2 protein chains.
Amino acid sequence: MTTTNRLSWKDVRDEIHDAILSGRYGPGDRLPRDADIAEEMKCARSTVQRAMQDLSDSGLVERRRKGGTRVRAHPVTRATLDIPITRREVEQKGGRYGHQLIRRTQMDAPRSVMATFELTEPRPMLRVEALHLSDGRPYIFEDRWISLDTVPEMIDLDLTTQSANEWLVLNKPYNRCDLRFYAISADAQLAEVLDTAPGAALFVIERTTWTDSAPITTVKAITAPGYQLLTRS
Amino acid sequence: MTTTNRLSWKDVRDEIHDAILSGRYGPGDRLPRDADIAEEMKCARSTVQRAMQDLSDSGLVERRRKGGTRVRAHPVTRATLDIPITRREVEQKGGRYGHQLIRRTQMDAPRSVMATFELTEPRPMLRVEALHLSDGRPYIFEDRWISLDTVPEMIDLDLTTQSANEWLVLNKPYNRCDLRFYAISADAQLAEVLDTAPGAALFVIERTTWTDSAPITTVKAITAPGYQLLTRS
DNA sequence: TGACAAATTAAGTAGCGACAAAATACGGTT
DNA sequence: AACCGTATTTTGTCGCTACTTAATTTGTCA
């Protein structure tokens, strides 16, 4: 009685994965071609292809046409992050969300913003400084620049009812997104806005988005002390 | 003359993507079933499947058997990070890598480590404190716990020639990896090790790895001031 | 020997068909 | 109306074939 013993691509993936981490194939080594593995494991090449694609996505192996598949010489830890809309993040943690518009300025992009957007000359921007609150306490302070070339409708929006964060994510999907993480010390002004002591260590998420090389927005999300960002489960 | 006009799954993906962000389908809306889209776009269902799978991976839509495909009600920014071995990271930035073993202790897991590993009782661990250097200057200080149950061979390793970071990544691949990012203020001890002022804001990468629910290692990588983590290009 | 062209190789993609698995919808029974 | 089992629907997966594309290797000619 042969129970339905068809190999799933995940089985194939795990088997190859095990083979690599058992040392059968070391960093830089070339693996057999898909077709041979398929024959050996008695499955279709397409199944091996899917397994290999997954291993390639997860950073364990590298694949090249004609070159075959080889174990990455310099392995990396690859992780995926989900960054939700801030309102959603607060609510999912069980907090009551609030937000305050602090300042709203219209001016040309300064050098630093030009640099992050890879612009060669100043363009009109909207600068929005706002505070996200959780249960009435400061949660994230965001300092945002929005390209008025790309998002002219932003001028007429009332940013006190809906945060720029939320409006943009819902209405201006992007093609390209760069993230940058680091820590800063709270200066006097930040300390006051975030209701903490000057000098406190703050975790910063900097995000820049484009659609087809047209800049949309760049934002420094300066989190209140104690904030942690986790990889998605 | 009909040039070879077969649709690629990326074309299908982009078309659906555009349809969503043009507002034809809003958050929460249900998309047509794969088969219908395939017919409409004159391609095979498998092509649509691949396109949809990709959109699902990137966080734009959610798919459920029988439930169909719908636009995510709460969109997220999804990003992928590559964290290389520290030596590799330093060298790729053009720095000269060095590393110092600061302390090496054998003891049972304290409560905090038990918690991150989801252990119910203390187990023997190796604690390794080490400093990574770039051009002779402190780069990352790592405070690491290694499970001796899972990695007993660690006891006999000479951690002065090869860092625990490098040995583990090369020799102990993992199944599961949790990451956590946040900021801390340098205390007197950290300030001294990282050659900075007490109170400086430091970016911390905390990483915990398992293989099949057996804990391998957990490490706090405390970066020197100015360190930034970027999403992969 | 060196440079360019051609052949070869191995992954990538498209299509088709069939079946599996998971949700949901439905319908009957109490 | 509540509960439970069954049918249906829709995505997920596997296998097979054929063709495409990118690299590398080989071969040829100057």
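Note that the coordinates shown come from a computational prediction; the quantities given were computed from them, not determined experimentally. In what follows, chains carry the letters A, B, and so on, assigned in the order in which the sequence lines appear, proteins first and then strands, with residues in each chain numbered from 1.
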For atom [atom1] of [X] and atom [atom2] of [N], their distance in whole Å:
| X | N | atom1 | atom2 | result |
| --- | --- | --- | --- | --- |
| A:Lys66 | D:dT20 | NZ | C1' | 16 Å |
| A:Glu62 | C:dA11 | CD | C1' | 14 Å |
| A:Trp9 | D:dG12 | CH2 | C1' | 11 Å |
| A:Arg70 | D:dT24 | CZ | P | 10 Å |
| A:Asp34 | D:dC14 | CG | P | 15 Å |
| A:Arg65 | D:dA22 | CZ | P | 6 Å |
| A:Asp11 | D:dG15 | CG | P | 10 Å |

Original post:
Can you tell if the side chain of A:Asp178 reaches within under 4.5 Å of the side chain of A:Trp210, non-hydrogen atoms only?
Top reply: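 Result yes, sub-4.5 Å side-chain heavy-atom pair found.
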
**OP:** Compute whether any side-chain donor of one residue and acceptor of the other, for B:Arg123 and B:Ser147, lie under 3.5 angstrom apart.
**Re:**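 Side chains of B:Arg123 and B:Ser147: no pair found under 3.5 Å.
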
Original post:
Are a donor atom and an acceptor atom from the side chains of B:Thr77 and A:Arg207 found within less than 3.5 Å of each other?
Top reply: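 Side chains of B:Thr77 and A:Arg207: pair found under 3.5 Å.
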
**OP:** For B:Gly67, report the nucleic acid contact type (base, sugar-phosphate, nothing); a contact means any heavy atom under 4.0 Å.
**Re:**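 If one applies the 4.0 Å heavy-atom cut-off, B:Gly67 turns out to touch nothing in the nucleic acid.
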
Subject >> Pair B:Arg63 + B:Asp34: basic N to acidic O under 4.0 Å >> reply: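 B:Asp34 and B:Arg63: salt-bridged.
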
Is the phosphate of [N] approached by [X] (side-chain N or O, under 4.0 Å from OP1 or OP2)?
| X | N | result |
| --- | --- | --- |
| B:Arg30 | D:dT10 | yes |
| B:Arg33 | D:dT10 | yes |
| A:Ser8 | D:dC14 | yes |
| A:Arg63 | C:dG12 | yes |

Original post:
Which of residues 35-56 of chain A sit near DNA chain C, with a heavy atom under 4.0 Å from it?
Top reply: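 Going residue by residue through residues 35-56 of chain A, the ones with a heavy atom under 4.0 Å of DNA chain C turn out to be A:Arg45, A:Gln49, A:Gln53.
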
Original post:
Do any N or O atoms from the side chain of A:Ser56 and from the backbone of A:Glu62 form a donor-acceptor pair under 3.5 angstrom?
Top reply: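 Checking the backbone N and O of A:Glu62 against the side chain of A:Ser56, no donor-acceptor pair under 3.5 Å is found.
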
**OP:** Locate the shortest heavy-atom distance separating A:Cys177 from B:Thr231; write the atom from each residue and the value.
**Re:**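 Minimum heavy-atom separation between A:Cys177 and B:Thr231: O-OG1, 4.2 Å.
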
Subject >> Most 5' of A:Arg64 and A:Lys10 on DNA chain D, judged by nearest nucleotide >> reply: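 Result: A:Lys10.
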
**OP:** Enter the distance from B:Ile205:CD1 to B:Thr86:OG1 here, rounded to the nearest 0.5 Å.
**Re:**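 Reported to 0.5 Å precision, the distance equals 8.0 Å.
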
